[in-house]
Novice: 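Can you read through this structure? Questions will come right after.
These figures come from a predicted structure and were not determined experimentally. Both backbone and side-chain heavy atoms feed into the values below; hydrogens, waters and symmetry mates do not.
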Amino acid sequence: MIRFALTFCAAMAASVAHAAVDIKQVTSPGGINAWLVEEHGIPFTALEIRIRGGASLDLPGKRGATNLMMALIEEGAGDLDAQAFQTKREELAASYGFDTGDDVVAISAQFLTENREEAVALLRDALIEPRFDQSAVDRVREQVLSNIAGDAKSPNAIASAAFDAAAFGDHPYGSSLDGTVDSVTALTRDDIVTAHANALTRDRLYVGAVGDITADELGTMLDDLLGDLPAIGPALPADAEFALQGGTTVIPYDTPQSVALFGHAGIERDDPDYFAAYILNEALGAGGFESRLMQEVREKRGLTYGVSTFLVSKFHADLVLGQVASANATVAQAIDVIKAEWARMAQDGMTQEELDSVKTYLTGAYPLRFDGNADIAGILVGMQMIDLPPEYIVNRNDMLNAVTLDDVNRVARELLQPDNLHFVVVGQPEGLEANAAAGN
């Protein structure tokens with residue numbers, strides 16, 4: 001019955017998501033800051049926690065340590081081994097999630113009001129007193145190694161790894177957060193303990209909570225849950241310089257279809273022109289079938305099933321990236337079309353009709369992001385991490401609508417760099433071999 005109740009609460013949360021989001025800024029007695037949206041209509045709370053640093057804090061020679069550590073968090077804690085921990089969590093009908101990114105570690109939790117204290121206590125044990133039993137380390141390590149082996153056979157993963165390595169070199173962004181076969185195989189339990197102490201600290205903590213909990217209750221809960229984490233973590237890495245120049249890198253791979261990852265340096269998320277860049281990217285490649293690249297590469301020429309672009313804002317680097325897949329015989333043509341459209345958008349910009357259409361879509365789609373307590377909690381955390389104020393939710397569409405055609409087209413000239421666009425192609429592309437070393 002408890003498990004059914006949690007499922008029902010999660011479904012019901014979506015029904016209140018479109019109500020006004022009243023954000024309360026909370027500081028716990030112990031000094032932990034959080035944003036809270038109270039919703040007492042259902043006895044359920046979603047909690048999202050982010051801690052800056054993530055896999056970028058891996059020590060030299062220990063690549064993959066943070067990722068492996070976070071995968072082990074739920075594999076036993078305190079007096080409970082892995083099986084006993086999972087049994088207890090299921091009895092409480094609580095849901096926990098642990099993830100690693102280049103710049104953050106993420107902890108998610110959902111629990112019922114009736115057993116909130118027990119659910120939080122169990123999560124606290126996982127965060128503060130993980131066991132890291134050797135048997136669990138060995139078992140989860142094999143899972144990670146299996147993922148690494150799979151990536152070595154994936155054209156998309158190969159392209160991403162090659163692009164990152166060429167773009168960022170020795171910076172942590174230049175290698176996979178999973179680590180390598182050698183680095184992960186060599187990790188010891190002591191390495192995992194060190195990664196835990198470095199990654200889970202209070203000085204770079206961000207919290208969002210949504211649901212059946214008051215500000216006072218949240219403050220007490222956060223001190224109980226997170227108060228015993230180390231106060232200060234190690235220094236963050238320096239910003240990464242994007243080292244790739246324009247050109248094409250070809251990585252031979254036996255497959256009937258080539259995949260390509262392409263891009264150049266981007267725009268910071270806090271740049272005053274970010275909204276203009278966001279609109280521009282939607283028109284160029286992020287807007288599905290309505291985007292320029294989908295029209296030119298797929299609809300008019302039938303060279304691909306899909307092509308897309310996206311703005312990537314990391315904490316230490318910003319990119320404009322895109323991806324496309326095409327048959328080996330046609331991928332060179334697809335790349336030529338992408339380059340031409342990139343240059344045309346940079347020179348001529350968008351039309352007023354395109355701008356109006358993109359604004360209508362983006363402003364209309366925005367409320368749909370607030371679809372449930374967990375989604376809202378994640379938005380609250382994300383806003384904090386990039387220094388957006390609580391009123392951003394109310395003002396966001398007005399700020400987007402304030403972008404003019406002149407703004408977008410000026411940003412198109414500044415942001416889009418056709419000559420610096422670099423393609424990493426994995427496959428057996430016809431007609432691209434001569435450019436294999438270009439830009440390297």
Side-chain angles (χ1 to χ4, degrees), residues 50-76 98-107 126-154 157-204 229-244 249 251 312 314-317 319 424 440:
R50 304 287 185 273
I51 306 174
R52 276 198 64 179
S56 292
L57 295 177
D58 282 343
L59 297 177
K62 307 296 181 181
R63 194 62 168 147
T66 303
N67 178 63
L68 180 56
M69 180 273 295
M70 290 298 291
L72 285 161
I73 287 286
E74 222 175 353
E75 297 294 326
F98 307 94
D99 198 12
T100 306
D102 285 328
D103 296 307
V104 299
V105 292
I107 301 106
L127 297 179
I128 307 299
E129 301 180 55
R131 290 168 63 107
F132 299 139
D133 292 333
Q134 190 62 51
S135 59
V137 172
D138 293 340
R139 173 167 44 81
V140 176
R141 187 205 314 272
E142 289 303 313
Q143 295 171 3
V144 173
L145 290 173
S146 177
N147 291 338
I148 294 172
D151 285 345
K153 300 177 182 179
S154 165
I158 293 169
S160 180
F163 189 98
D164 289 345
F168 299 117
D170 292 335
H171 191 277
Y173 290 169
S175 60
S176 170
L177 61 83
D178 287 344
T180 66
V181 170
D182 289 343
S183 69
V184 174
T185 300
L187 291 173
T188 67
R189 184 183 184 279
D190 286 345
D191 295 328
I192 303 304
V193 171
T194 298
H196 176 263
N198 289 343
L200 272 64
T201 61
R202 297 198 312 273
D203 55 330
R204 295 188 284 262
L229 290 175
I232 299 175
L236 297 172
D239 288 345
E241 181 179 353
F242 187 84
L244 267 177
T249 299
I251 300 175
V312 178
K314 298 175 179 285
F315 281 106
H316 305 290
L319 309 172
V424 173
N440 291 335

Novice: Enter the distance from Arg204:CZ to Leu57:CG here, rounded to the nearest 0.5 Å.
Specialist: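 One finds 6.0 Å between CZ of Arg204 and CG of Leu57.
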Novice: Within this structure, what is the CZ-NZ distance for the pair Phe168 and Lys314, rounded to the nearest 0.5 Å?
Specialist: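 The NZ atom of Lys314 is 6.5 Å from CZ of Phe168, to the nearest 0.5 Å.
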Novice: Would you sort out whether Leu229 and Ile128 count as a side chain to side chain contact (heavy atoms under 4.5 Å, CB included), showing the intermediate values?
Specialist: CA-CA 6 Å; Leu229 290 175; Ile128 307 299; 3.4 Å; yes
Novice: For Ile192 and Ala65, which heavy atoms make the closest approach, and how far apart are they?
Specialist: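 Shortest heavy-atom contact: CD1-O, 4.0 Å.
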Novice: Between Phe163 and Phe242, what is the ring plane arrangement, given parallel below 30°, perpendicular above 60°, and tilted in between?
Specialist: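 The rings of Phe163 and Phe242 sit tilted, inter-plane angle from 30° to 60°.
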Novice: Between Val424 and Ile251, is the side chain to side chain contact (heavy atoms under 4.5 Å, CB included) condition met? List the steps.
Specialist: CA-CA 7 Å; Val424 173; Ile251 300 175; 4.0 Å; yes
Novice: Check step by step if side chain to side chain contact (heavy atoms under 4.5 Å, CB included) holds for Leu200 and Met70.
Specialist: CA-CA 10 Å; Leu200 272 64; Met70 290 298 291; 3.9 Å; yes
Novice: Can a donor-acceptor pair be found between the side chains of Asp191 and Thr188 at a distance below 3.5 Å?
Specialist: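 Per modelled atom types, Asp191 and Thr188 side chains form a pair under 3.5 Å.
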Novice: I need the minimum non-hydrogen distance between Met69 and Ala195, along with the two atoms involved.
Specialist: CE-O, 3.8 Å
Novice: Evaluate side chain to side chain contact (heavy atoms under 4.5 Å, CB included) for Leu177 paired with Arg63, printing each intermediate quantity in order.
Specialist: CA-CA 7 Å; Leu177 61 83; Arg63 194 62 168 147; 4.3 Å; yes
Novice: Using atom types as modelled and distance alone, determine if a side-chain donor or acceptor of Arg141 lies under 3.5 Å from a backbone N or O of Leu187.
Specialist: yes
Novice: What's the shortest heavy-atom distance between Gly179 and Ile148, and which atoms?
Specialist: O-CD1, 3.4 Å
Novice: Identify, with sequence neighbours excluded, every residue that meets ring pair (Phe, Tyr, Trp, His ring centres under 6.0 Å) alongside Phe315.
Specialist: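 Residues passing ring pair (Phe, Tyr, Trp, His ring centres under 6.0 Å) with Phe315: none at all.
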Novice: Which of these passes side-chain hydrogen bond (donor to acceptor under 3.5 Å, both in side chains) with Tyr173: Asp164, Asp103, Asp102?
Specialist: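 Result: among Asp164, Asp103, Asp102, Asp103 is the only option passing the side-chain hydrogen bond (donor to acceptor under 3.5 Å, both in side chains) with Tyr173.
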Novice: So does Val181 get a backbone contact from the side chain of Thr185, meaning a donor-acceptor N/O pair under 3.5 Å?
Specialist: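 At least one qualifying donor-acceptor pair exists.
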Novice: Which atoms form the tightest heavy-atom contact between Pro230 and Ala197, and what is the distance?
Specialist: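 For Pro230 and Ala197, the tightest heavy-atom pair comes out as CG-O, 4.0 Å.
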Novice: Between Thr201 and Asp203, is a side chain to side chain donor-acceptor pair (under 3.5 Å) present by the stated rule, with each step listed?
Specialist: CA-CA 6 Å; Thr201 61; Asp203 55 330; 2.6 Å; yes
Novice: Could you state the interatomic distance from CD1 (Ile51) to CG (Leu127), rounded to the nearest 0.5 Å?
Specialist: 7.5 Å
Novice: Find out whether Glu75 and Asp133 are in side-chain contact, i.e. whether some heavy atom of one side chain is under 4.5 Å from a heavy atom of the other.
Specialist: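 In short, these two side chains do not touch, never coming nearer than 4.5 Å.
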Novice: Taking atom types as modelled, find out whether Asp138 and Gln134 have a side-chain donor-acceptor pair closer than 3.5 angstrom.
Specialist: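 Gln134 and Asp138 do have a side-chain donor-acceptor pair below 3.5 Å.
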Novice: Within a reach of under 6.0 Å around CD of Glu129, are more than 12 heavy atoms found that belong to other residues, nucleotides or ligands?
Specialist: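 Yes, CD of Glu129 has more than 12 neighbouring heavy atoms, counting only those of other groups under 6.0 Å.
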Novice: Compare every heavy atom of Gly61 with every heavy atom of Ser183, then report the nearest pair and how far apart it is.
Specialist: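 Answer, listing the atom of Ser183 first, then Gly61: CB-O, 4.4 Å.
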Novice: CG of Asn147 to OG of Ser176: how many Å apart, nearest 0.5 Å?
Specialist: 9.5 Å
Novice: Report the residue from Asp58, Thr66, Leu59 that forms a side-chain contact (heavy atoms from CB on, under 4.5 Å) with Asn198.
Specialist: Leu59
Novice: Heavy atoms only: give me the nearest Asp178-Val184 pair and the separation to one decimal.
Specialist: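 Closest approach of Asp178 to Val184, heavy atoms only: O-CG2, 3.1 Å.
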Novice: Starting at OG1 of Thr100, measure out to CD1 of Ile73 and round the result to the nearest 0.5 Å.
Specialist: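 Separation between the atoms: 9.0 Å.
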Novice: Can you tell me how far CZ of Arg189 sits from OG1 of Thr194, rounded to the nearest 0.5 angstrom?
Specialist: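 Reported value, rounded in 0.5 Å steps: 10.5 Å.
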